> 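Below you will find the structure I want to go over with you.
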Amino acid sequence: MENNPVKVLLLEDNPRDAQLVREALARTRDSSFSLEQTDRLSVAIQRLTSGGIDVVLTDLALANRQGLSAFLRIRAHASSVPIVVMADTLEDQRLAVKALHEGAQDFLVKREFDEKTISRVIRHAIERKQADKALEKAQAQTDLLLASLPSILIGLNPNGLVTHWNQVAETTFGIPAVDVINQSLSQCRIGWESQKVLAAIEDSKTKKGSFRLDDIRYRRPNGQEGLLGFTIIPLNGGDTGQGLGLLLFGADVTERKRLEQLKEEFVSTVSHELRTPLAMIKEGVTQVLDGILGETTAKQRQFLSICLEAINRLGRVVDELLDISKIEAGRLQLKRELIDIVSLAKEVSSAFHSQALKRSLKIKTNFSEARIDLYADKDKVIQVFTNLIANALRFTAAGYVEVALVTKEHTIECSVSDTGQGISETDFPKVFEKFQQFGRTAGPGEKGTGLGLAICKAIVELHGGKIWVESQSGKGTKFTFTLPKYTTKQLFREYVSNYLKEAVEEEVFLSILTFDIENFEALREKIGEEKATLIVRDLENLINSCLRRKADVAIKHAHAILVVLPATGKDDAMMVAKRVRAAVDTYVSSRGVHEEIRLVYQIASYPEDGKTADELLREW
C-alpha cells in the first residue's frame with residue numbers, strides 16, 4: 001500500500017461532489033491515490049467484478065436509489081472490498097449509521113472533509129477490512145479445528161451461558177447446538193447428572209488450573225445410558241485477571257470403562273484362581289520338604305527348595321498383578337494408622353539379613369531419630385520398602401544396601417541405596433513405568449515382573465509423597481521417597497472427612513469427640529517422655545474399651561484423641577462422652593496424676609454443628 005497507489009472507485013452522480021473528492025485526494029501528500037469515478041451503479045459493479053479496486057466511496061443518495069439499496073448491492077458483489085459511504089442530509093447520515101451496522105467500514109459527511117480526513121478514512125477502512133478478514137479467517141480455522149475434535153467441547157461464558165456446543169456434543173446428547181446456545185446448562189435438557197457438573201463448575205471459580213470430573217452418568221434421548229469424563233478448564237483474561245468463562249472438554253468413556261472393568265475382572269479372576277492351587281502346591285511341597293510325608297534325600301530337598309522358591313515367586317507375581325489392577329482401576333485404598341516408621345524400617349531390613357548374608361552383602365540402617373511417628377498405611381509402606389530392598393539386593397554383587405530415614409520440615413525422607421551395578425541416566429524416565437526392567441541379564445535367577453517400582457510409585461503418591469531415583473552405571477543406585485508429616489488437626493480432618501462423606505451419602509448423623517491433654521508439654525517435662533506417652537496410649541485404649549459398637553473408632557495422635565461415632569446424633573454422643581469422661585477420670589485418679597493432667601474435650605455433630613470437617617473441628 002505504501003509503494004503502489006491506492007485504487008479508489010467513486011460512485012457519485014453529483015458532479016460537484018465528485019469534484020470535491022477528486023480535489024481532496026489530489027492534495028494528499030503522504031500517499032498517492034488512483035481514482036476512478038462513475039455515476040452508474042451497474043458500471044461500478046462491473047468494475048468491481050473485474051478486480052483491482054482497493055476501496056469504494058459511494059454516495060447514499062443516488063438517483064433512482066433509495067435507502068441502502070446501492071450500498072447493499074455493492075457489498076453483495078464485492079464483499080472483500082472495504083466500503084466508505086458518503087452522506088449529505090441528516091437523513092443520509094442516519095442511513096450511514098445503518099450502513100456501518102451492515103458492514104460499511106466508515107462514512108464521510110459531504111463538504112465537511114478535507115484531504116487529511118479523506119486520506120485517514122480510506123486508510124483506516126482498508127486496515128479495518130484487512131483486520132476483519134484476518135479475524136474471519138482465524139474464526140474459520142478455529143471453527144474447523146473445533147469441528148474436527150473427536151471430543152465433546154462445551155464453552156460457557158462468565159454468566160454460565162453456553163457459547164459453544166460442537167458436533168460431538170450434539171451427537172452425544174442428541175441435542176442440536178441451536179437449542180442450547182445462550183442457554184444455561186440447567187436449561188439445556190441434557191439427560192445427565194447436571195447437579196454434579198454444576199457443583200464442579202461452581203467450585204472451579206475458586207480453584208486454579210484445570211481439573212477432572214469423572215464418571216458422569218448421562219442418558220440419550222433413546223434411553224441408552226453412558227458415562228462421561230470431563231476436564232473443566234477455566235479461561236482467564238491474562239493480565240486483566242478477569243474470568244472469560246469455562247471450557248468443558250470431555251468424551252464418552254462408557255466403552256473404555258467397560259473394557260477396564262473386563263480387564264480388571266479377568267486379572268482378578270485369574271489371580272484368585274491361581275492362588276488356591278498355588279497354596280495347595282506350596283503346602284504339599286512344604287510337607288514333603290519338612291519330612292512330614294516321609295524321609296527325603298539331600299538332593300530331593302534341594303530340588304524341593306528350588307520349587308518352593310518358584311512357588312513363592314509366582315505368588316508374588318499374582319499379588320503384584322492384583323495390586324496393579326487395583327491401582328489402574330483407582331480402587332487401591334489406604335488404611336492409615338499411626339506408625340513408628342523407624343521400627344517398621346528395622347523390621348523389613350531384618351527380614352532380608354539372611355538373604356544378604358548368602359550373597360556376602362551387608363544391610364545398613366541410618367535413622368535421624370530413634371522414633372518417627374507417621375500417619376500411613378503400614379502394610380503399604382512395608383510393601384514399598386520390601387520392593388526397594390529386594391531390588392537393591394538383586395542387582396548388587398558386592399558391598400551393601402543402606403536403608404535411611406531423615407526427618408525434614410514437612411516430610412519424612414526415606415531412601416534405599418546400594419553399591420550395585422546402577423541404572424543408566426537415559427533409563428530414568430522409564431524406571432517407574434510398568435513392565436520395565438533394568439540390568440536384566442540372561443541365565444537363571446529371579447527376574448521380577450517389572451511391576452514393583454510402578455506399584456511403589458502409586459503407593460507413595462497415594463500418601464501424598466514423591467519418589468525418585470539417583471544412579472550411575474557401575475556406581476550404585478539410590479531410591480528416595482517422601483511421606484508427608486501430619487499435624488494432629490490434619491490427621492483428624494482427614495478421618496472426619498472420610499466418615500462425613502459416608503454420613504452425607506447415607507443421610508445419617510455423625511458425631512465426633514476430641515480429647516486433648518492441654519498441658520501435655522508441662523506434663524512431659526515433669527514425669528518424662530516415656531511416662532507421658534504411655535498415659536496417652538492408655539487413654540486411647542481406655543476410650544476404645546468404652547465404645548460399644550464396631551463402627552465407633554478412637555484415633556490417637558500426639559497428645560490428642562479423636563472419637564468418631566457414625567450414625568450417632570448429638571444426644572447419644574453426649575451419653576458416650578459422659579461414659580468416656582467418667583472412665584478417664586477414674587484412670588487418671590488411679591495413676592496419681594489427677595491434679596497434673598488437664599484433659600479437655602469437645603463434642604460436635606453433623607449436621608447441627610457443621611457440614612464440613614473444618615466446621616466440626618472448628619472449636620478444637
Side-chain angles (χ1 to χ4, degrees), residues 334-340 371 373-378 486-500 502-503 508-524 526-606 608-610 613-620:
L334 298 181
K335 296 179 181 178
R336 300 181 194 259
E337 59 182 303
L338 196 64
I339 62 173
D340 174 13
R371 178 185 178 92
D373 285 333
L374 190 69
Y375 179 56
D377 186 316
K378 182 178 180 179
Y486 276 76
T487 66
T488 302
K489 190 161 187 175
Q490 287 172 328
L491 167 60
F492 288 0
R493 183 189 296 117
E494 181 166 330
Y495 256 101
V496 173
S497 294
N498 292 337
Y499 279 95
L500 189 58
E502 294 178 8
V508 296
F509 295 112
L510 173 72
S511 292
I512 64 170
L513 307 174
T514 52
F515 294 85
D516 186 22
I517 299 178
E518 195 175 44
N519 62 329
F520 181 78
E521 296 301 326
L523 179 67
R524 182 169 59 181
K526 185 170 184 178
I527 67 175
E529 175 82 29
E530 186 176 349
K531 288 184 178 180
T533 302
L534 181 60
I535 287 175
V536 178
R537 289 179 186 172
D538 285 348
L539 288 175
E540 180 190 20
N541 294 331
L542 180 63
I543 291 171
N544 266 314
S545 69
C546 293
L547 303 178
R548 297 174 179 173
R549 301 180 309 169
K550 290 183 178 179
D552 301 337
V553 62
I555 309 104
K556 175 185 73 68
H557 191 264
H559 48 82
I561 300 168
L562 170 73
V563 178
V564 183
L565 304 171
T568 303
K570 194 159 191 175
D571 290 342
D572 291 334
M574 289 292 292
M575 294 176 64
V576 175
K578 289 178 181 178
R579 185 168 67 246
V580 170
R581 186 61 188 260
V584 168
D585 286 345
T586 301
Y587 165 80
V588 171
S589 297
S590 68
R591 297 284 297 187
V593 289
H594 192 276
E595 300 299 324
E596 298 170 354
I597 294 181
R598 291 201 302 272
L599 187 68
V600 296
Y601 79 99
Q602 301 284 344
I603 182 170
S605 297
Y606 164 82
E608 299 101 306
D609 300 318
D614 285 332
E615 289 174 352
L616 293 175
L617 291 166
R618 176 171 44 209
E619 300 299 327
W620 186 78

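Note that the structure is predicted; figures quoted are calculated from it, not measured. Positions are given from 1 along the sequence.
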> Should the pair Lys570-Asp572 be classified as a salt bridge under the 4.0 Å nitrogen-to-oxygen rule?
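Answer for the salt bridge query: no.
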> Once rounded to the nearest 0.5 Å, what's the spacing between atom OG of Ser497 and atom CG of Leu617?
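The CG atom of Leu617 is 8.0 Å from OG of Ser497, to the nearest 0.5 Å.
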> Report the distance from atom OG1 of Thr533 to atom CZ of Arg371, rounding to the nearest 0.5 Å.
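Taking OG1 in Thr533 and CZ in Arg371, the distance rounds to 7.5 Å.
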> Is it the case that the ring center of Phe492 lies less than 6.0 angstrom away from the ring center of Tyr375?
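No - the distance between ring centres of Tyr375 and Phe492 does not fall below the 6.0 Å cut-off.
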> CD of Glu608 to OG of Ser511: how many Å apart, nearest 0.5 Å?
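Here the interatomic distance stands at 7.0 Å.
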> Less than 4.5 Å apart, any side-chain heavy atom of Ile512 and any of Ile603?
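A side-chain contact is absent here, since even the closest heavy-atom pair is not under 4.5 Å.
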> Output the distance between atom CD (Glu521) and atom CG (Leu523), rounded to the nearest 0.5 Å.
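Interatomic distance, Glu521 CD to Leu523 CG, rounded to 0.5 Å: 9.5 Å.
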> Once you round to the nearest 0.5 Å, how far does CZ of Arg581 lie from CD1 of Ile543?
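Result: 10.5 Å between the selected atoms.
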> Where is the tightest heavy-atom contact between Leu616 and Leu500, given as atom of each residue plus distance?
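That closest heavy-atom pairing would be CD1-CD1, 4.3 Å.
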> For Phe509, is the CZ atom crowded, meaning more than 12 foreign heavy atoms sit under 6.0 Å from it?
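No.
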> Let me see the working for Leu374 and Asp340 under side-chain contact (heavy atoms from CB on, under 4.5 Å), right down to the final yes or no.
CA-CA 6 Å; Leu374 190 69; Asp340 174 13; over 6 Å; no
> Do you know which two heavy atoms are closest between Asp516 and Ala560, and how far apart they sit?
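Answer, listing the atom of Asp516 first, then Ala560: OD1-CB, 3.9 Å.
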> For a quick test of reading the model, state the closest non-hydrogen atom pair linking Asp538 to Tyr587 and the distance between them.
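Looks like OD2-OH, 2.9 Å.
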> Might you point out which heavy atoms bring Val600 and Glu518 nearest each other, and give the distance in Å?
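Scanning both residues, the minimum pair turns out to be CG1-OE1, 4.0 Å.
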> Quick one: are Leu562 and Tyr495 in side-chain contact, heavy atoms under 4.5 Å?
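Sidechains of Tyr495 and Leu562: in contact.
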> Decide yes or no on side-chain contact (heavy atoms from CB on, under 4.5 Å) for Ile561 and Leu539, but give the supporting numbers first.
CA-CA 8 Å; Ile561 300 168; Leu539 288 175; 3.7 Å; yes
> Does the side chain of Asp614 come within less than 4.5 Å of Arg493's, by heavy atoms?
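Heavy-atom side-chain distance check passes, below 4.5 Å.
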> How far does NZ of Lys526 sit from CG of Asn519, to the nearest 0.5 angstrom?
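Reported value, rounded in 0.5 Å steps: 10.0 Å.
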> Hey, mind stepping through Val580 and Phe515 against side-chain contact (heavy atoms from CB on, under 4.5 Å) and telling me if it holds?
CA-CA 10 Å; Val580 170; Phe515 294 85; 3.3 Å; yes
> For the residue pair Ala573 and Leu513, what are the closest heavy atoms and their distance?
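Smallest interatomic distance, heavy atoms only, reads O-CD2, 4.2 Å.
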> Considering non-hydrogen atoms only, spot the tightest contact between Arg524 and Ala532 and give its length.
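Here Arg524 and Ala532 meet closest at CA-CB, 3.9 Å.
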> Using side-chain contact (heavy atoms from CB on, under 4.5 Å), reason through Leu542 and Val584 one step at a time and then give a plain yes or no.
CA-CA 7 Å; Leu542 180 63; Val584 168; 4.2 Å; yes
> For residues Leu565 and Val563, determine if any side-chain heavy atom of one lies less than 4.5 Å from a side-chain heavy atom of the other.
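Yes. Closest side-chain heavy atoms under 4.5 Å.
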